[in-house]
Undergrad: 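Supplied in structure tokens, the structure appears directly below.
Counting begins at 1 with the first residue of the sequence. Atoms within each ligand, like the ligands themselves, are counted from 1 in listed order.
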Amino acid sequence: MKSYTCARALRAALIGIAIIGSATLARADIKDYEFQLVDQAIKTGPDKIITVRLINKASGKPVPDAVIFATRLDMAPDGMQEMATKVTPMPGTEPGTYRFKATLSMAGRWQLSLGAKVQGETGTVENKIVITAQK
Ligand SMILES: [Cu+2]
């Protein structure tokens, strides 16, 4: 009787570990995705185009058809988080790249915060990219 209870407890514990293990794996998957800045040379001025690529770091391949749902562009890297500018999504030119239009009114470092959903993956990609705007 005693060993039977013990075996049940052990089985319950193993199932618990399996559930936690798969949840961790799902989180690790979404962490494999990353936005990267395509063109480093960005000038200050109105209606500048910022192009980023979403890649799967595990395969090295670009990821098309992600749904971008959150963007913010501000000068937090230069201590001006209140200095934010509007970000307008633009059609991408090639699969896996995502373009945004923004007015960069000041030279210096701007932080582009992106949130995205990837087809077939749970969770969200959250990434911050630093862009240096030059005169
Ligand atoms: Cu500024």
Undergrad: Verify salt bridge (Lys or Arg N to Asp or Glu O under 4.0 Å) between K57 and D32, making sure each step is shown before the conclusion.
TA: CA-CA 5 Å; K57 286 186 281 180; D32 284 341; over 6 Å; no
Undergrad: Would you give the angle at the Cu ion (ligand 1) between M80 atom SD and M106 atom SD, to the nearest 10°?
TA: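 About 110°, to the nearest ten degrees.
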Undergrad: Which value, rounded to 10°, describes the SD(M83)-the Cu ion (ligand 1)-SD(M75) angle?
TA: 100°
Undergrad: Look at S105 and state whether any of its N, O or S atoms is less than 2.8 Å from the Cu ion (ligand 1).
TA: no
Undergrad: After noting the C-alpha distance and the side-chain angles of D29 and K31, does the key distance pass the salt bridge (Lys or Arg N to Asp or Glu O under 4.0 Å) rule?
TA: CA-CA 5 Å; D29 279 349; K31 289 270 185 281; over 6 Å; no
Undergrad: Hey, are E121 and Q119 close enough side-chain-wise for a donor-acceptor pair under 3.5 Å?
TA: no
Undergrad: Check V38, T93, V52 against Y98 for a side chain to side chain contact (heavy atoms under 4.5 Å, CB included) and give me the one that passes.
TA: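 Checked V38, T93, V52 against Y98; only one passes side chain to side chain contact (heavy atoms under 4.5 Å, CB included): V52.
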